[in-house]
Visitor: 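Before anything else, here's the structure in question.
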Amino acid sequence: MKSLVIEGGEPLSGSVPISGAKNAALPSCIASLLTEEPIVLHSVPQLRDVSTILYTLGALGKRVVRHDTSVSIATGGTLIPEANAYSVGQMRASFLVLGPLVARLGRAVVPLPGGCAIGARPVDLHLEGLRALGARVEERVGVVVVSADRLIGGTIRFPFPSVGATEQIIMAACLAQGKTVIHNAATEPEVMDLIDLLSKMGAEISVGNRRIHVTGKRSLGGAEHTLIPDRMEAATLLLAGAITRGSVSVSPVCPEHLDAFLESLRSTGVKLEVGETSITATGIARPIAVSLETSPYPGFPTDLHPPMSAFLSTAAGTSAIVESVFERRFAYTSALSKMGAHIVQDGTSLMIQGVDELIGQQVEAPDIRGGAALVLAGLAARGRTIITGLDHIDRGHANLETKLRSIGARIERREDSA
Ligand code: UD1
């Protein structure tokens, strides 16, 4: 069994480079389905989820060449409309191939998605959006079959600004006939980065006031694009500095992408120095408890709730976290409690009463961000923490232990934890 073994209690200090954003990389790779010409992406993080999506694109007929953190995705053989069940089962983001495939080929057969078990995570908004563009959508056992001679621009009003559904519909609308308007669209930085790439490919997209307008084109061209830095990785590493009462700098980052997180972190008393493309967090002996609620961008990101919760477990006083995006994102709390945290869950809220210290234990990562929370707790804890379930952590964090070791963490990967 693979595990991460952490000897906790070392204050971390130093600078860490931040990789390109996973959640920007996945849709950007998928956008290559919209064109016959090559898409070249830079700052692509070396993660399992990225390998999964590139594998999916290869199986659909794309030719993928990966060199270090650059990826070129060009036309290989004939594009096929049926996505592989294995890869879509591995990761929810693979479902985004649906819109581009139907827009390009007039038909797509895509299995229902898997991914982290952090809530119901239906795909109804994706399918409603495609229906609004004139597609016929048939749900069969385990797969969705979507067809349309040509998609027609339409108006969509999402009841909730879903990131995936927004990306799905933007991509499909790029090749639809006429104009599409998406009301209450997600405007996360990763969505905006996808729009940036699509615009370089020749798409006509404008954004304002949670509304996205897309004017469809007959075809899109190739493009070269550098992904935005991963705000989740940056925040997790800043928390590694804060929870160990050390001082960690991250760059490159877009500090404005982290406003809500930085505001909460600042109110705990952690000292922040924010530059144009870098941030330094310096921990204090006993941070102060805070209350926060997750919400769509520009609110506090749901992906940072578990890491923040680990940090607040060591604050003075009682913090409250309300999870408003994913109703079941709490699997990590039992492992944190095993490490000595005082966390009480009531529905989608947590009360976290800060403790003097966390204690190393053997725990299992339940999902990507819950895994990050346990790594943070392990870095701060007294004694040894052994974390299993590394497949989850590896899905979303590029070279995590190497980066942590470079700032003084005693962390290593082992094949056998027994
Ligand atoms: C993306 C991110 C994920 C992040 C999330 C919210 C990627 C690859 N993943 O996930 O890291 O946590 O945004 O910022 O970018 N929903 C529906 N019906 C739908 C679609 C979504 O009810 O058709 C609900 C979900 O169950 C959830 C909420 O909407 O409660 C938000 O989901 P969504 O924004 O779609 O998240 P993802 O795109 O899956």
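Model, not experiment: these values are computed from the prediction. First listed ligand is number 1; within each ligand, the first listed atom is number 1. We number each residue from 1, following the sequence as shown.
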Visitor: Would you mind listing every salt bridge (Lys or Arg N to Asp or Glu O under 4.0 Å) that reaches into residues 262-277, with sequence neighbours excluded?
Guide: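 Checked against salt bridge (Lys or Arg N to Asp or Glu O under 4.0 Å) - neighbours excluded - no pair reaches residues 262-277.
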
Visitor: Under 3.5 Å, side chain of Arg414 to main-chain N/O of Leu4, donor-acceptor pair present?
Guide: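 No: the side chain of Arg414 does not pair with the backbone of Leu4.
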
Visitor: By number and element, which atoms of ligand 1 are closer than 4.0 Å to a non-hydrogen atom of Val325?
Guide: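 Per the distance check, 27 (C), 28 (C), 30 (O), 31 (C).
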
Visitor: Are Ser251 and Ser278 close enough, and set up right, to give a side-chain hydrogen bond (donor to acceptor under 3.5 Å, both in side chains), and what steps lead you there?
Guide: CA-CA 4 Å; Ser251 78; Ser278 66; 5.9 Å; no

Visitor: Near Gly164, which atoms of ligand 1 are under 4.0 Å from a heavy atom of that residue?
Guide: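 Near Gly164, meaning under 4.0 Å from one of its heavy atoms, ligand 1 has 35 (O), 38 (O).
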
Visitor: Below 4.0 Å, non-hydrogen atoms only: which portion of Asp303 touches ligand 1? Side chain, backbone, both or neither.
Guide: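 For Asp303, only side-chain atoms sit under 4.0 Å from ligand 1.
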
Visitor: Taking non-hydrogen atoms only, is Phe160 closer than 4.0 angstrom to ligand 1 via side chain, backbone, both or neither?
Guide: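 Within the 4.0 Å criterion, Phe160 contacts ligand 1 through side-chain atoms alone.
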
Visitor: Is Arg395 salt-bridged to Asp367, going by a charged N under 4.0 Å from an acidic O?
Guide: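 Salt bridge flag = no for Asp367 with Arg395.
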
Visitor: Taking heavy atoms and a distance under 4.0 Å, where does Leu127 meet ligand 1: side chain, backbone, both or neither?
Guide: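 Answer for Leu127: neither.
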
Visitor: Return yes or no for this condition: an N or O of Lys22 is under 3.5 Å from an N or O of ligand 1.
Guide: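 N/O-N/O distance under 3.5 Å: no.
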
Visitor: Does anything in residues 93-113 pair up under ring pair (Phe, Tyr, Trp, His ring centres under 6.0 Å), and if so which pairs, sequence neighbours excluded?
Guide: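 Residue pairs with at least one partner in residues 93-113: Phe95-His126.
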
Visitor: Any chance the side chains of Lys403 and Ser19 put a donor and an acceptor closer than 3.5 Å?
Guide: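 A donor-acceptor contact under 3.5 Å links the two side chains.
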
Visitor: Hey, is ligand 1 close enough to Ser162 that some N/O pair sits below 3.5 Å?
Guide: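 Among all N and O atoms of Ser162, at least one is under 3.5 Å from an N or O of ligand 1.
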
Visitor: Hey, is ligand 1 close enough to Asp124 that some N/O pair sits below 3.5 Å?
Guide: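 Yes.
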
Visitor: Has Arg92 got any heavy atom lying under 4.0 angstrom from an atom of ligand 1?
Guide: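 Contact present.
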
Visitor: Heavy-atom contact under 4.0 Å between Ala186 and ligand 1?
Guide: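 For ligand 1, residue contact (heavy atoms, under 4.0 Å) with Ala186 is absent.
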
Visitor: Enumerate the atoms of ligand 1 whose separation from the nearest heavy atom of Pro122 is less than 4.0 angstrom.
Guide: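 Ligand 1 atoms under the 4.0 Å threshold to Pro122: 17 (C), 18 (N), 19 (C), 20 (C), 21 (C), 22 (O), 23 (O), 26 (O).
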
Visitor: Determine the interplanar angle of the His305 and Tyr332 rings, folded into 0 to 90°, and report it as parallel if under 30°, tilted if 30 to 60°, perpendicular if over 60°.
Guide: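 His305 vs Tyr332 ring planes: perpendicular.
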
Visitor: Does any N or O of ligand 1 fall below 3.5 Å from an N or O anywhere on Pro161, backbone included?
Guide: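 Between Pro161 and ligand 1, no N or O pair is found under 3.5 Å apart.
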
Visitor: Hydrogens and angles aside, do Asp230 and His397 bring a side-chain donor and acceptor to less than 3.5 Å of each other?
Guide: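 Looking only at side-chain atoms, His397 and Asp230 do not form any donor-acceptor pair under 3.5 Å.
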
Visitor: OG of Ser28 to CG of Asp193: how many Å apart, nearest 0.5 Å?
Guide: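 Between Ser28 OG and Asp193 CG, I get 5.5 Å after rounding to 0.5 Å.
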
Visitor: Could you tell me whether some N/O pair between Val163 and ligand 1 is separated by less than 3.5 angstrom?
Guide: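 Yes; at least one N/O pair falls below 3.5 Å.
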
Visitor: Looking only at heavy atoms, is any part of Leu125 under 4.0 Å from ligand 1, and if so is it the side chain, the backbone, or both, or is it neither?
Guide: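 Contact part for Leu125 vs ligand 1: both backbone and side chain.
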
Visitor: Could you list which atoms of ligand 1 come closer than 4.0 Å to a heavy atom of Thr302?
Guide: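 The list of qualifying atoms is 6 (C), 12 (O), 14 (O).
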
Visitor: May I ask whether Arg329 places a heavy atom under 4.0 Å from ligand 1?
Guide: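 Heavy atoms of Arg329 do come under 4.0 Å of ligand 1.
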
Visitor: Any luck finding a side-chain donor-acceptor pair between Thr302 and Glu323 under 3.5 Å?
Guide: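 Distance-only check passes for Thr302 and Glu323.
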
